[in-house]
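Written below as structure tokens is the structure these notes are about.
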Amino acid sequence: MNILGLSFDYHDAAAAIVVNGEIIAAAEEERFSRKKHDSSLPKLSMAFCLEEAGISASDLDAIIFYEKPLMKFSRIIASSFKTIPFNTSFASEALENWIKKGKFRTKERIYAELEIKDIPYVEIEHHLSHAASAYYTSPFQESTIVTLDGLGEYETATVSLGKQQKIKKLYSVKLPHSIGLFYSAFTAFLGFEVNEGEYKVMGMAGFGEAIYVDKIRELYTLEKNGTFRFNQKHFNFSTPSKDHLSKSFISIFGESRTPESHFTPPGFETAETPTEVIKSSKYYADIAASIQMCTEEIIMYFVEKAVERTGIKNVCLAGGVALNSAANGRIIREKDFNMYIHPSAGDAGGALGAALHYYHHTLSNKRTPALTAPYLGKSYKNSEIEQALKRAGLDNWELAPSKHSIVETTAKHLSQGKVIGWLQGRFEWGPRALGNRSILADPSNPNMKEIVNEKIKFREPFRPFAPSVLEDRAADFFEFPTPYGSASPEYFMLAIAKVREQYEKKLPAITHLDRTARIQLVSRETNELYYSLIKQFCDLTDIPILLNTSFNLRGEPMVSSPRDAVKTFSWSNMDYLVMENYIVAKSV
């Protein structure tokens, strides 16, 4: 049974293939097309999935799409006629856009690209794809399933019950009441790009004080039935706009921060910092801290009430809001739940969820093992690495004789303060670099945060970095409950934990101002090579941790191929590039 799952036409297009219940491959289109958040028909991802499965398109038994386009379009039209005055221009523009992009012809476009016909094609609801992505890859045989995002067809959040092969939706929240759009509205207000900069808000929040919580709480209500509502006087969620903000919102919070404007984190001012920059930076940081706290409050309330309804403390979480690692960390610390979060929780993950739902729920096939190793992308051969090096004119490289030698050499360079691009095996499924497409550095170096942010990633100086830590040493350095297994959120870098106070100053490169870190636990079973590298670094430094950030430059997708890696390495100030057994030094 070969099932292809697809998501596209909004953002983060992806393809995934499941063969007899086994997840063979999954990848976002942006990794191959090099277009950030590529939303187009995932031609390259589909080709990769079929190649990885060793089949042709004609061997497929079903193609499952992650949402119902016609239902989605009906919501767009209905929303436009609910506005006063009627927003007929919006409806006309939407219709023209859908016709132009072929959104009414999803099935035909897929069939044409794959050169097939008569293979069963099924569309399932957006939030059901999210729910399935989390539940069927979790270790639970029964679970409370919670999905939270901007919006699907009509729904913005759902609560479902998962038991064995089946998922049963219990209740939902519908547009215009959306926690995803609520957070995105403040993302735009703080000067960041919607659907891209939400994680920057979390970074900025660490520098602020949550002194505007009461003012933000006036914008929403937590309902007794376990749901939430947002006061639409202050937002424009029904019909898409640039920032979802109304004049009422601006009258309360003032003008939005200008994108790319200077931001000096509170506590980092100098005598030369202009007074107006200090004042505005503190204000926006305090807003970020306040919206983060309120978002955590809404998420925790929604999840807690869902568990009360089902009586099941195994919780599966998916949807773009599930990538809010600060909120996830609070749930893990403060609630007596077993939490699983799908590593590709956003729309891309819906491709895999759609395929798994068809295999397990529709066909009633037995549950497959939990997803503990999210390395579902493409790997590359030595010949492809050498070709990339020759094409770039790089000759300052050597081929190590073994993986042991690679580990020893790389750990030595890291212990000497070098920054290394690391490409190994298959790339990760989801937005987090988990040790196969990573930029690595020494977390104890007090200058490393500035070096990596400004000279390598070319991004905002307030952005924090994540630590990868050996699972058996993590409790020595971080405060978090004992994980229930290798599918726990901490293994996918999806939860924030406190750095133990005695190590705060010893690990400056990965410790945020509020003494938190978005940790990744690393096990020998799921990534032996990366585990060995961190252990070797520990043998040299007595620190079982590496600074780990995604292997890309600002505004670009994470690298996939050796060619991508060489390009990124050449354009940045990384010291070494390690691709499989190849070690490339920066030419002087």
Side-chain angles (χ1 to χ4, degrees), residues 130-131 133-135 137-149 156-163 167 170-173 179-180 182-183 202 205 210 213 217 220-228 289-343 345 370 471 474-475 478-500 514-521:
H130 278 320
S133 74
Y135 178 58
T137 58
S138 79
F140 310 134
Q141 292 299 312
E142 63 174 14
S143 174
T144 301
I145 310 170
V146 175
T147 66
L148 295 158
D149 69 1
T156 66
T158 67
V159 172
S160 302
L161 176 64
K163 284 199 173 184
I167 292 176
L170 302 179
Y171 57 94
S172 66
V173 178
I179 186 172
F182 173 65
Y183 200 82
M202 283 186 277
V213 165
R217 280 177 179 156
Y220 64 88
T221 304
L222 299 178
E223 302 288 295
K224 291 182 180 180
N225 64 0
T227 63
F228 47 80
S290 301
I291 183 58
Q292 178 60 37
M293 179 174 286
C294 289
T295 300
E296 292 171 12
E297 176 181 84
I298 298 168
I299 294 172
M300 291 181 70
Y301 179 81
F302 192 73
V303 172
E304 187 174 25
K305 290 298 182 182
V307 171
E308 286 181 11
R309 173 77 174 266
T310 65
I312 299 173
K313 292 186 177 182
N314 296 329
V315 177
C316 291
L317 199 59
V321 176
L323 293 172
N324 193 307
S325 51
N328 298 339
R330 278 196 64 188
I331 295 173
I332 291 169
R333 290 192 304 272
E334 299 178 24
K335 303 298 178 182
D336 183 27
F337 302 154
N338 292 322
M339 278 265 291
Y340 173 82
I341 304 167
H342 186 67
E471 61 175 353
F478 303 97
E479 301 172 3
F480 61 94
T482 303
Y484 57 82
S486 55
S488 298
E490 295 90 350
Y491 286 88
F492 300 143
M493 204 186 285
L494 289 172
I496 280 176
K498 284 280 189 180
V499 178
R500 292 198 181 277
D514 56 358
R515 197 160 59 83
T516 62
R518 191 180 68 205
I519 64 173
Q520 177 203 359
L521 303 183

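Below, each value reflects all heavy atoms present in this structure, side chains not excepted, and no hydrogens, waters or symmetry copies. Along the sequence shown, the residues carry numbers beginning at 1. Here the structure is a predicted model, which is why all the values come from computation and not from measurement.
Side chains of Glu490 and Phe478 form no contact here, defined as non-hydrogen atoms less than 4.5 Å apart. The side-chain heavy atoms of Asp336 and Lys313, taken from C-beta on, include a pair separated by under 4.5 Å. With contacts defined as side-chain heavy-atom distances shorter than 4.5 Å, the pair Ile496/Asn328 does not qualify. The closest side-chain heavy-atom distance from Lys163 to Leu161 is below 4.5 Å. Taking the side chain as every heavy atom from C-beta outward, Pro483 and Leu521 approach each other to under 4.5 Å. Two residues are said to be in side-chain contact when any heavy atoms from C-beta on lie closer than 4.5 Å; Phe480 and Lys498 fail this criterion.
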Go through the steps for Thr156 and Ile179 under the test side chain to side chain contact (heavy atoms under 4.5 Å, CB included), then give the verdict. CA-CA 7 Å; Thr156 66; Ile179 186 172; over 6 Å; no
Passes side chain to side chain contact (heavy atoms under 4.5 Å, CB included), Ile167 versus Tyr135? Steps please. CA-CA 8 Å; Ile167 292 176; Tyr135 178 58; 3.8 Å; yes
Evaluate His130 against Asp149 for side chain to side chain contact (heavy atoms under 4.5 Å, CB included), listing each step before the verdict. CA-CA 9 Å; His130 278 320; Asp149 69 1; 3.2 Å; yes
Report the C-alpha distance between Met202 and Asn324 in whole Å, list the side-chain angles of each, state the deciding distance to 0.1 Å, and finish with yes or no for side chain to side chain contact (heavy atoms under 4.5 Å, CB included). CA-CA 8 Å; Met202 283 186 277; Asn324 193 307; 3.4 Å; yes
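A distance of 9.0 Å separates CD1 in Ile312 from CD1 in Ile145, rounded to the nearest 0.5 Å. Between the CD1 atom of Ile331 and the CE atom of Met339 there is a distance of 4.5 Å, given to the nearest 0.5 Å. Once rounded to the nearest 0.5 Å, the distance linking CG of Leu317 with CG of Leu148 reads 6.0 Å. Taken to the nearest 0.5 Å, the OG atom of Ser325 stands 10.0 Å off from the CD1 atom of Ile332. Separation of atoms NZ (Lys335) and CD (Glu304) is listed at 3.5 Å; rounding is to 0.5 Å. Going from atom CG of Leu323 over to atom CD1 of Ile341 covers 8.5 Å, rounded to the nearest 0.5 Å.
For the residue pair Thr137 and Tyr340, a side-chain donor N or O sits within less than 3.5 Å of a side-chain acceptor on the partner. With hydrogens and angles left out, the side-chain atoms of Thr158 and Ser172 include no donor and acceptor closer than 3.5 Å. Counting only N and O atoms by type, the side chains of Asn314 and Gln141 include no donor and acceptor under 3.5 Å apart.
Looking at Thr227, its side chain never comes within 3.5 Å of a backbone N or O of Glu223 through a donor-acceptor pair. A donor-acceptor pair under 3.5 Å links the side-chain atoms of Arg500 to the main chain of Ala475, judged by distance alone. Side-chain atoms of His342 come within 3.5 Å of backbone N or O of Ser133 as a donor-acceptor pair. No donor-acceptor pair under 3.5 Å is formed between the side chain of Ser143 and the backbone N or O of Phe140.
The ring pair (Phe, Tyr, Trp, His ring centres under 6.0 Å) pairs that include a residue from residues 299-333 are Phe228-Phe302, where partners are two or more places apart or lie in different chains.
Evaluation of the salt bridge (Lys or Arg N to Asp or Glu O under 4.0 Å) rule for Glu296 yields Arg330 as partners, not counting sequence neighbours. Listed by chain and residue number, Arg217, Tyr220 satisfy the side chain to side chain donor-acceptor pair (under 3.5 Å) test with Glu297 (two or more places apart in sequence, or in another chain).
Taking the ring centroids of Phe337 and Tyr484, they lie at or beyond the 6.0 Å cut-off.
Minimum interatomic distance between Ala318 and Ala134 (heavy atoms only, all atoms of both residues): CB-CB, 3.8 Å. Of all non-hydrogen atoms in Ala326 and Gln292, the two that sit nearest each other are CB-NE2, 3.3 Å.
With salt bridges taken as basic N to acidic carboxylate O contacts below 4.0 Å, one links Glu479 and Arg515.
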